[in-house]
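FYI, side chains are in, hydrogens and waters are out, and symmetry mates aren't considered; it's all heavy atoms of this structure.
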Amino acid sequence: MIDLPPYPPLDPSNYYLIVVGTGVSESVSAAAASSSGSSVLHLDPNPFYGSHFASLSLPDLTSFLHSNSVSPHPPPPSSPPILPSNSHELISVDLVHRSLYSSVEISSFDSEILEEHSRRFNVDLCGPRVVFCADESINLMLKSGANNYVEFKSIDASFVGDSSGELRNVPDSRAAIFKSKSLTLLEKNLLMKFFKLVQSQLAESDDTTTTTVKISEEDMESPFVDFLAKMRLPPNIKSIILYAIAMLDYDQDNMETCRHLLKTKEGIDRLALYIKSMGRFSNALGALIYPIYGQGELPQAFCRRAAVKGCIYVLRMPITALLLDKETGDYKGVRLASGQEIFSQKLILDPCINVGLESLSSLTDQQNETLRVLVPKAMINKEKIARGICVIRGSVKSDISNALIVYPPKSLFPEQLTAIRVLQLGSGVAVCPADMHVLYFSILCENDDQGIKALLSAMSNLIRLPVPESDSSVENDTCEAKPLLLWRALYVQELVKGEFGGTISSMPSADGSLNYKETVESAVKVSKAI
Amino acid sequence: MHGRPRKASKPEEEAASAAKAVKLRSLQSQFMTYHHDKIYTKEAIELSTKLLEINPEAYTAWNYRKLAVEDSLSRIGPDPSLVKPILDEELRVVENALKQNFKSYGAWHHRKWVLSKGHSSTGNELKLLDKFQKLDSRNFHAWNYRRFVVELTNRSEQDELQYTDDMINNNFSNYSAWHNRSVLLSSLLANRADGFVPEKKIPDEYEIVHQAIFTDPDDQSGWFYHLWLLDQTVNVESPLLTSSWPSHGSSVILSGAGCFNGSPSNFTTFCSETGSFPLILYFDQAVGGVSSLTVTLDSELKGNENLVWEPISNKSSQVSCVWVARLNFSSQPCGSKDYKVKVRLGNSPGIVSSRGFNFSAPYEFVFTAHVHDPAKDSQERIVSWTDGFELWDAQSKDLNSLVTLGQLNAGIDLKWRQAAIDSEIECFRLLADSKIGKLTLARLLMASEAMMSDAAVKGVHYEEILQLYNDLMALDSSHHHYYKDEHSVAFLHKVTSSSESLSRYLFRYRDMNNLVCLRLNKLSLSRIASVNKLLFVQMLDLSHNELHSTEGLEAMQLLSCLNLSHNRIRSFSALDSLRHVKQLKVLDVSHNHIGKHSVDTTRYLCSSPLSNSDLSQDDVRRQNPGLVTKYWDAYFVLRDLNLKQLDIAGNEIAGDEFNSFVLQVVPKLVWLNGQKPGN
C-alpha cells in the first residue's frame with residue numbers, strides 16, 4: 001500500500017452513497033442504488049474486485065490471507081484517533097481494520113508445477129460456494145442485467161461421503177433415483193413419494209383449487225427431522241435429504257450440539273429451492289451451477305452493472321477515517337487514504353472496517369450512536385467457519401469434474417458435529433489447468449482446532465498426501481486411486497453479521513452457507529432501506 | 001414436449017394463421033394444377049417444396065414429389081453421380097418439413113422412400129435422429145424411423161439396446177424407448193445372440209423395470225414393459241393343448257335322441273338327435289391348420305375317416321383356440337361293446353399358432369365310447385331353473401377321471417419361469433400399497449397359479465387375488481369394470497382349480513335324468529373364463545350375475561340348457577357366440593337389458609348384415625322384411641339355434657310383436673316364456 005501511486009483528487013466530492021468494499025453484498029447495493037438513479041462512489045482498498053468474495057491466483061490468495069489474518073499485536077496508532085477535520089464543523093474518527101482470518105496455513109507440495117501455472121488459477125476466498133439455479137441471486141442478476149457479464153456451468157453431480165471413502169450419488173431427481181445403485185427398491189419408492197409430497201405442497205401454494213395431499217400445519221411447525229421420520233424414511237435417506245439437499249450444517253439428531261433445529265416449514269422451503277432449481281434452465285444438468293472464472297465474477301458483474309448506471313469506481317483506495325458533524329454527531333463523509341475528504345448521505349462498509357475502541361470513549365453520545373454499527377462486538381455466537389482449498393492432480397471421482405460432496409455430521413468421525421461440504425471444480429469452469437482440480441472444503445466450528453481437524457480428516461478421505469519416495473511402495477495399494485495433493489490452504493474465517501444503522505451500514509462477511517441466499521437477502525434489505 | 005396445457009390463441013395469432021391459410025390455399029391450388037397436368041418442371045417442383053415446408057401434412061404433395069423423382073430418374077439413367085443430387089434434394093426438403101413438424105407422417109414416410117432407393121448415405125441419418133430425439137425423446141416417428149435406419153445400416157442390436165439404456169436412464173418415462181427395448185430383446189432372444197437366453201435375460205430386465213416402477217409407481221411407461229416381461233415369462237411360444245372332450249382315459253355313453261336312463265354317471269352321457277357327438281380340442285392360444293391331416297384318429301367307430309375340423313370363433317377366421325369335429329356313432333350297433341378312439345396331434349406339422357409357432361410336442365389321448373339305444377323322448381317337458389336340483393355327491397370319483405383339470409403338456413422349461421414369477425411376487429408385495437402394485441401382484445399370483453403343477457399347493461393364491469381385486473375396485477372406481485372382470489376370471493379359475501371346489505357348484509337335475517348342472521348363479525360374475533375346464537357341462541346356470549356377453553361359452557359344445565336370466569345382456573349380438581353351440585335347446589335370457597338401449601354400438605361394427613349376399617333369403621325374410629330389419633340381431637342368433645325353450649320376459653324388447661317374430665324365426669319352439677305358444 002506504500003507504493004500506492006498518487007491519485008488525482010476525485011471529482012465530484014459529494015455523493016448520495018459511498019460503498020467501501022466490493023464483496024457481493026456491497027456490489028449488489030451499489031448496483032441497486034445506481035440503478036435507482038442515486039450517485040454512488042464505490043471504493044475498494046484492494047487492487048481487485050470482490051473483497052472477501054474474490055477469486056485470486058495462488059500467490060495473490062496467499063498474500064491476501066496473510067495480510068488479513070490476525071496479527072498478534074496491532075501497532076498502536078501513532079497519532080490520536082480523533083482529529084479535527086479540514087472543515088471546522090467536522091471531526092474525523094480513525095478506522096481500524098479487522099482481520100477476519102486466523103490459523104492461516106498454506107503449504108505447497110509441488111512448487112515447480114504451480115509456479116509454472118500460477119496465473120491460471122482462479123481460486124475463491126469464500127469457497128465452497130455454488131449457486132442454485134432458482135437462487136434469489138440469479139433472479140437479481142436477471143433483473144439487474146448483471147447476467148450479461150457472467151457465464152455459468154453445471155455442477156455435474158453431488159455425492160454423499162463417509163469414512164469408508166466411498167462416494168454415493170445423491171438421488172436428487174427422478175432419473176437419479178432410478179439410476180441409483182445404493183438405494184433399495186423400497187427406499188426409492190419412499191424417497192420419490194416424499195419428493196412428490198413436497199412438490200404437491202409447492203403446487204398447492206401456487207394453485208389453491210387443487211385438492212392434493214397437504215402437509216398439516218402441525219407437521220409444518222414440528223422439527224423437519226421428526227417429519228422425515230414420520231414419512232418412514234430410513235436414516236441414510238434422511239441424512240441425504242438433510243445435509244445433501246437441504247444443505248444443513250448442524251446434526252439434527254443431536255439436540256445438544258445442534259444450534260439450529262430446522263422446522264419442517266423451513267425444510268420444505270430448502271427442498272423447494274432445490275427442486276425448483278432442477279428444471280429451471282434446460283442446459284443445466286442439476287440444481288447447482290458455478291460461474292466460469294470463479295465466484296469473484298459475481299460481485300464484478302454487479303459492479304459492472306453499477307458502472308453502466310453511473311457508479312464511480314476506485315480500487316486500491318482505502319478509507320482512513322469517518323467524518324462526523326461536531327455538533328449533531330451525524331455522519332458526513334469519509335477521508336480517503338489519499339487524504340481527500342468525500343461527502344455523502346449514506347455509507348455502506350465492508351465487514352472489516354471498524355472503529356477503534358479507544359476512540360469511542362472520547363466521543364459524544366450522538367457520535368457514538370452514529371457509529372453504533374461499526375463498534376466491534378464481542379462475538380456472542382462463537383461460530384466460525386473453517387475453510388480449506390486443495391489443488392490436486394486428477395479428480396476425486398473419475399469421469400466427473402465438477403462435483404459437490406457432503407459429509408453429514410458424524411460420518412467421518414464420531415466427534416464431527418457439523419456437516420463438511422466439499423466442492424471440486426475443474427478446468428471446465430476455468431479455475432485451474434486442465435489436468436488438475438481445485439477442491440474447497442468448509443465446516444462450521446466453535447474454534448480453530450476443531451475446524452482444522454475436521455477439514456484434514458475430509459481431505460485425507462479424498463486426497464493422497466505426497467509421501468517420501470521410500471514409503472510410497474507401502475501405501476501404493478490403498479491410495480492409488482486417490483488424487484495427489486499439490487497445494488493446500490487452511491484458514492478459519494470469522495462470521496460477521498451485517499448491521500443496518502440508518503446512515504451507516506455494515507455488510508456481513510461471507511457466510512457459512514453454500515449459496516448466496518443470506519448474503520443477497522441482507523444486501524436487498526439494506527438497499528431497500530436506503 | 002409433453003404435459004403442456006394448450007393455450008387459447010390470441011386475436012393476432014388468429015389473424016396470422018388466417019393470412020397463412022390464404023397463402024397456403026393459393027399455393028395448393030397452383031400445385032394441384034401442376035399435379036393434375038403431370039408437370040414436373042423445376043418451378044413446379046419448387047412450388048411443392050414451398051408448400052411442404054409450410055405444411056408438411058400435404059400428402060398429395062409428397063406423392064407428387066415421388067412421381068417427380070421417378071420422372072427425372074427415368075430420364076437421366078442409372079448414373080449414380082446424377083441420381084444422388086436429386087435424392088439429396090428430397091432429403092433436404094424432408095428435413096425442413098420435419099423442422100416445421102417433426103411428427104409429420106408424410107415427411108417421415110417420404111424419407112424412408114428416398115433412403116430405400118439405396119443411393120443416399122445412411123451416415124447422417126442417425127445424427128439427424130439424435131437431433132429429433134433430443135427435441136422429444138418419446139417421438140415415436142423418430143423411433144420408428146430409427147429402427148428402419150438401423151436395419152438399413154446393419155447397426156448391431158446390442159448397440160441399439162445400449163442406446164435405449166441411455167435414453168431410459170435419462171428419463172425412464174419414455175414409452176418409445178421401452179417399446180424399442182422390447183422389440184430388440186425379442187429379436188435378440190429369438191436369435192439366441194450371445195448371452196441372450198431368456199432364463200438369464202428376462203430376470204435382468206425385471207431388475208431394470210423395477211427401478212422405474214418403484215421409483216415412480218404412477219408412471220405408466222414401466223407398467224407396460226413389466227406386462228410385456230410377464231407375458232414373455234408366462235407364455236410359451238409353441239401352442240399347447242390345454243384340454244379336450246372327451247378327455248384322456250374317459251368313457252362316454254352315447255345315445256340318440258332322448259335320454260338314456262339309468263346311467264351310472266351323467267357326466268359321461270351324451271344324447272344326440274343327429275347321431276353324432278363333438279370332439280373338442282382346446283388350445284392355449286389361437287391356432288390354425290387343425291385338419292384330418294394334422295389330427296389323426298384311430299377309431300373303432302366307423303364312418304369317421306375324414307373328419308371335418310371346424311374352428312369355433314366369432315370372427316370368421318381360420319384360427320381359433322377351440323376346434324371341433326363331429327364324430328358319427330349312429331351307424332354303430334347298440335350294445336355292450338366299447339369302441340376305442342385314439343386321437344393323435346402334432347405328429348405331422350401344420351398346426352400353427354397365429355404368431356407363427358408350430359404345435360411341436362406330439363400328444364395323444366384315448367377314450368372309449370359306449371353306444372346305447374335312445375330312450376323315449378321327453379324333451380316336451382319344460383326345464384325349470386328353480387327346483388329339481390339335488391346336491392352333487394362330493395365323494396363321487398367321476399369328476400377326477402372326467403375333467404381335465406391339469407395342464408396337458410407339461411414338457412416346457414417351467415423352472416426359471418416359476419423362479420422369476422416367485423421373485424416378482426416377493427418384490428411386488430413391497431409395493432402393495434399402490435394401485436399398480438396391487439394389480440401387478442394379482443397378475444403375478446394368477447401367473448403363478450397357471451404354472452403350478454403341484455396339486456397340493458395349487459389354488460393357494462386365489463383368496464389373495466380376489467381380495468386384491470376387491471381392494472382395487474374400492475380404491476380405483478374409474479377402472480371398476482376392468483377389476484370386476486379380472487375378479488370374475490380369478491374366481492372362475494378358483495372354482496375350476498380342483499374337483500373339490502368345482503363339485504361345490506355341481507348339482508343333479510332330477511327332471512332330466514339327473515343331468516349334471518353347473519350352477520354359478522348369484523356370484524356377480526361379469527366375465528366367463530376357465531371354459532377349457534368345463535367342456536363337459538351340459539346344463540349351466542349363470543343367472544343373477546353381471547354378464548354383458550356370452551363370449552367364451554362357444555367352446556361348450558355339449559351345452560344344452562343355459563340360464564342367463566338377471567344379467568346385463570344388452571342385445572342379442574351379445575349372445576352371438578351361442579350360435580356355435582348346436583346342442584343348445586333351452587335358453588333363458590329373461591330379465592336382462594335387451595332392447596333397453598336403443599343404440600347398440602355393436603351394430604356399427606357390422607357392415608349392414610342384411611345386404612350380405614351369402615345369406616340365403618329364407619321364408620321369414622321374405623314374409624316379414626320389416627321385422628327382420630328391426631330385430632336383425634335377434635334374427636341372426638335365433639335362426640342358427642335349435643331352441644325348444646326360450647325365456648325372454650323382463651326385457652325391454654319383449655312384447656307381442658317380438659314374440660310372434662320369435663315364433664316365426666324358431667318355429668320348433670315348444671316353450672316361450674313358460675308357455676306353449678298358441679295356447
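- No more than 12 heavy atoms of other residues, nucleotides or ligands lie within 6.0 Å of NZ in A/K265, so this atom counts as exposed by the packing criterion.
- Heavy-atom contacts from other residues, nucleotides or ligands closer than 6.0 Å to CD of B/Q158 number more than 12.
- A/A175 and B/N170 make their closest contact through CB-O, 3.6 Å (heavy atoms, listed as atom of the first residue, atom of the second, distance).
- Within the 4.5 Å cutoff, side-chain heavy atoms of B/D433 are placed close to those of A/K193.
- More than 12 heavy-atom neighbours from other residues, nucleotides or ligands sit within 6.0 angstrom of CZ on B/R147.
- Interface summary for chain A: among B/I168, B/L430, B/N169, the most heavy-atom pairs under 4.5 angstrom belong to B/N169.
- To the nearest 0.5 Å, the span separating CZ on A/F178 from CD1 on B/I208 amounts to 7.0 Å.
- Annotation: B/D159, atom CG; neighbour count of heavy atoms from other residues, nucleotides and ligands within 6.0 Å is above 12.
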Q: Mind running side-chain contact (heavy atoms from CB on, under 4.5 Å) on B/D216 and A/K188 for me, showing each step along the way?
A: CA-CA 8 Å; B/D216 192 353; A/K188 291 186 174 195; over 6 Å; no
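- Within 6.0 Å of the NZ atom in B/K435, the count of heavy atoms belonging to other residues, nucleotides or ligands does not exceed 12.
- Going from atom CE of A/M192 over to atom OG1 of B/T215 covers 7.5 Å, rounded to the nearest 0.5 Å.
- In this structure, B/Y175 places its OH atom where more than 12 heavy-atom neighbours from other residues, nucleotides or ligands lie under 6.0 Å away.
- Neither the backbone nor the side chain of B/S434 has a heavy atom closer than 4.5 Å to any heavy atom of chain A.
- A distance of 3.5 Å separates CZ in B/F172 from CZ in A/R174, rounded to the nearest 0.5 Å.
- Using a 4.5 Å cut-off on side-chain heavy atoms (C-beta onward), A/I177 and B/Q211 make no contact.
- More than 12 heavy atoms of other residues, nucleotides or ligands sit less than 6.0 Å from atom NZ of B/K438.
- If you run side-chain contact (heavy atoms from CB on, under 4.5 Å) between B/F214 and each of A/L183, A/L190, A/N189, only A/N189 comes through.
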